[in-house]
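Throughout, protein chains are lettered first and strands after them, A, B, ... in sequence-line order, and every chain is numbered starting at 1. Since the structure is predicted, the reported quantities are computational estimates derived from the model, not experimental observations.
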Number of protein chains: 2
Amino acid sequence: MAATLKDVALAAGVSIKTVSNVINDYQHIRADTKQRVMEAISELGYSPNLSARSLRSGKTGVIGLAVPELSLSYFAELADSIIKAAERRGLKVLIEQTGGDRAHELEILSSPRLQMTDGLLFSPLGMSNEDAHHLNVNFPLVLLGERIFGGPTDHVTMSNVESARAATAHLLSKGRRRIAVVGGHEGEVIGSAGLRLRGYQQALEDAGIPFDPKLVAYTTFWHRANGATSMRELLESGVEFDAMFGMNDTLALGAMRVLQEAGRRIPDDVAVIGFDDLDEGRYSLPTLSTIDPGRDEIADTAVRVLQERISGREGGAPPREFEARFQVIERESSALPG
Amino acid sequence: MAATLKDVALAAGVSIKTVSNVINDYQHIRADTKQRVMEAISELGYSPNLSARSLRSGKTGVIGLAVPELSLSYFAELADSIIKAAERRGLKVLIEQTGGDRAHELEILSSPRLQMTDGLLFSPLGMSNEDAHHLNVNFPLVLLGERIFGGPTDHVTMSNVESARAATAHLLSKGRRRIAVVGGHEGEVIGSAGLRLRGYQQALEDAGIPFDPKLVAYTTFWHRANGATSMRELLESGVEFDAMFGMNDTLALGAMRVLQEAGRRIPDDVAVIGFDDLDEGRYSLPTLSTIDPGRDEIADTAVRVLQERISGREGGAPPREFEARFQVIERESSALPG
DNA sequence: CGCCCATCCTACAACGTTGTAGACTCGCAG
DNA sequence: CTGCGAGTCTACAACGTTGTAGGATGGGCG
C-alpha cells in the first residue's frame, strides 16, 4: 500500500540504501542523485515506516506519561505542559490514566505495552514509599510528584513544604490566626498532602501559633466534591477559623462554594488560598489566591531529564532530584490589608 | 539486553515459532511444552517487542487524538473519556495538541509521525469546511466536533442545534425574554458557535420572539477570559437582558464572574445556562445549569468507529455521521419558578 | 605514471516478530 | 499392514529500515 524505500529506490534508479542515506542526511551524495531521490519521494508520497525504524534503532520517539486522571485540572494542565515540552524535543506523548489506583500503577510499571515507548514520566498517587522498589525497572523512568522519595529514579518535584509554608505565611501576614486546612491525608507523611501539611505546621511554628488538629479536614481525593464535603464537616464541627488553606485549587474552590452558601464572606470572614494556579481560579468569585508550582519548569525538566536517560548520556548517574521554583499569587480570596 | 523469542526458545528447548505460538494462544501445543515455554518466559522476564510485532502485523495498537489544548477543560474531559474508551478496546492513545491552529492541524494530517498510530481521532478548530478535502487521507480518520460537515470521513458530533435550542427554551420556560449569548463566532455557520447560535435563534422563533443581534457577544476563543471580556462589553453596551446563554461552560463561568462583580444577581437578575457539563460548574457559585453533551457516548462511538475502520470491517462504507444524545441539566444559575 | 584517498554508491545482514509450508508422530479406519 | 488425518512442532521467508563492509570512480600528489 504505502510506498517503501524499495519503491522509491526503484523510481529513482538507485539502491534503497541511497534513499535511506538521503533521508538521513548522509553527507556524501551527489546533488543530482539527491534531487532525483527527493523527487521520487514526493512523487510517491513516501514516508518512513516508524515501526521498522524503531525495530532497527531501538528507539520509538515516544514517551509515556502516566497520570491519575486528565479530568483533574491539575493533571490536564500538567499534560498540556509536558506535551509541549516533548514536542520541543521532537517527542510524542502517549498518555495512560491510572485512576490513582495502586494496582493499576504497579501494572503500568511492568506492562509490556510500554515497550512502545522509550521511557516513562510517572506521576503515582496510589503507591507509597514502600513500593519504591517497584520503580526499579529496566527502562528510563522519571518520577513526578511527591508520593515517593529516595527511590531509584530521577525525580522532579515541586517545593511542597516550602510553598505550603509560604501559603500559610501569606495568610498569617494578613493577620489571620486560625487557619483551617482542607485536603489532608490521614497518616500520610511524604505525599503532597503530608508535605504541605508539614509546611503549614512550620509556618505556624514560625509565628508561634500552636497547631490545632481540629482545623485539619481529611479527605481521600482532591476533587471539588471533597473540598465541599470537608468544608461542610468543618462548619458542622463548630471549630472556629478565619482563613483556609486548600491543598489544591480544586479543593479550595469546592470549599469556597460551601463557605459562601453558609454566608461567610471571602476574604472578610475567611481568607482563602489554594495551590496549583489553575486557570479556573482566575475567574472564580472571588478570584483565588494560590501557589504557582512552576508547572512549565517541572514539565520541561522532566522531559529533559528523561531524554538524557534515554540517550544514555547520563548513563549510570545516580538518581537526581529536581525541585521547581514556586510563587505565591495573591488574588481576591486573600486580599486584605496586610 | 531484553530477552527475545530466541532466548526463550533456547531456554525452553523449542523453536522460536513455538514460543510465538504459545504467546499467541495457538491451539495445538502439548501441555508440557506450553508449560516449559511459560516458565522460560517468566524466568527471562520476556515481553514481546512491539515494534517488531507492528512491523510484521502493520498494526501498532495506538490511536492518535488531536485536540486544540488539554488545558481547555472540555478537551481534557474528552481526552479522559477517550482514553478510557480506548483502553476498554485494548488501544493506547497518543495525544497531539494543535493549539487550534489551522496550519498545525493541516500539518498533522500529513505528518509522517502519525505512522506510529493506526488511525486518528481529530478535533479540528482552525480548519473550516473549505479545508474538507485535506481530510482525504490514506489512514483511518474519524472527525470529532463541528468544524466540518459532509467531509470524506466518519464524523462523531453532538446535537449542537438541538441542544442549544433546548438550552434557550429552558431559559424561556423560566419567563426570560431577553437572552444574551456569549461566544459567537463572527460569520461562522457550521462551527459549534454557528450551530449553537442557530439553535438559539430557532428557540426564539419557536417562542415568537424577534432576534436582537445586539444581544450576541462575539469572541475568538472559548476561554474563561473571553467570557469575562464579552460580558464586560455587553454590560458597557447598555443592552438589557435577563438571561444569558454561554456557548460553553468556561465562557459562562467567566461571564458569571463579571456579572456578579457588576452586582447582578444570578439567577434573579440574570439566569444563566452553559454548555458542556464540566465538573467545575457543579461547584461554582451559583452552580451552573448546562447541557450535558453526552461526552462518554461521543468518546465511545468515536473509538468504536475508528476501530472498525482500522480493522477494515467497514471497508469502503461511505462516511457516516453520529450524533450523541444531550440533556438539559438545571442547576442554581437558572433555578427559577418555571 | 602509479598510488592513495575522498567521494559516491551498493549488497548484504540484522533488528524481533509472525505467516506459510511442510516434517514427523501417532492412532485408527480400511 | 497401509494410508490418512489430526496433532505437534520446525525451518524459512518476510515486514521496512539502517549499520557494515566494500566496490567503483576520479583527482591530487609523489
*When all nucleic acid strands are considered with a 4.0 Å heavy-atom cut-off, which category describes A/Thr4: base, sugar-phosphate, or nothing?*
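It contacts sugar-phosphate atoms only.
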*Just how far, in rounded Å, is P of D/dA11 from CG of B/Leu5?*
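Between P of D/dA11 and CG of B/Leu5: 14 Å.
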*Whole Å only: how far is the CG atom of B/Asn21 from the C1' atom of D/dC9?*
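Roughly 8 Å, once rounded to whole Å.
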Can you name the ring pair (Phe, Tyr, Trp, His ring centres under 6.0 Å) partners of [X], sequence neighbours left out?
X	value
B/His223	B/Phe221
A/His133	none
B/Phe139	none

*By nearest nucleotide on DNA chain C, pick out whichever of B/Ala52 and A/Lys17 is the more 5' one.*
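It is A/Lys17 whose nearest nucleotide is closer to the 5' end.
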*Name the first nucleotide and the last nucleotide along DNA chain C (5' to 3') that come under 4.0 Å of a heavy atom in chain A.*
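Listing 5' to 3', DNA chain C meets chain A from C/dT7 to C/dG16.
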*asked:* Could you walk me through whether B/Ser54 and B/Ser57 satisfy the side chain to side chain donor-acceptor pair (under 3.5 Å) test, starting with their C-alpha distance in whole Å, then the side-chain angles of each, then the deciding distance to 0.1 Å, before giving a yes or no?
replied: CA-CA 5 Å; B/Ser54 64; B/Ser57 69; 5.8 Å; no
_DNA chain D contacts among residues 37-46 of chain A, heavy-atom distance under 4.0 Å_ =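 A/Tyr46 - these, ordered by number, are the residues of the stretch whose heavy atoms sit under 4.0 Å from the strand.
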_Donor-acceptor contact present, side-chain A/Thr301 to main-chain A/Glu297, <3.5 Å_ =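 Present.
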*Using modelled atom types only, decide if a donor and an acceptor are shared between the side chain of A/His155 and the backbone of A/Glu323 within a distance under 3.5 Å.*
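Here the side-chain-to-backbone pair does not exist.
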*asked:* So which atom in B/Thr60 and which in B/Met116 form the shortest heavy-atom distance, rounded to 0.1 Å?
replied: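 Taking every non-hydrogen atom into account, OG1-O, 3.1 Å.
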*What closest approach, in Å, do A/Val137 and A/Leu109 show between heavy atoms, and which atom pair accounts for it?*
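Closest approach of A/Val137 to A/Leu109, heavy atoms only: CG1-O, 3.7 Å.
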_Under a 3.5 Å cutoff, is there a donor and acceptor pairing between the side chains of B/Glu146 and B/Thr157?_
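Yes, a side-chain donor-acceptor pair sits under 3.5 Å.
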*Apply salt bridge (Lys or Arg N to Asp or Glu O under 4.0 Å) to B/Lys84 and A/Glu69, showing your working.*
CA-CA 10 Å; B/Lys84 283 176 184 150; A/Glu69 263 193 78; 3.5 Å; yes
Please tabulate, one pair per line, each protein N/O and nucleotide N/O from nucleotides 4-8 of chain D that are separated by under 3.5 Å, including the distance.
none

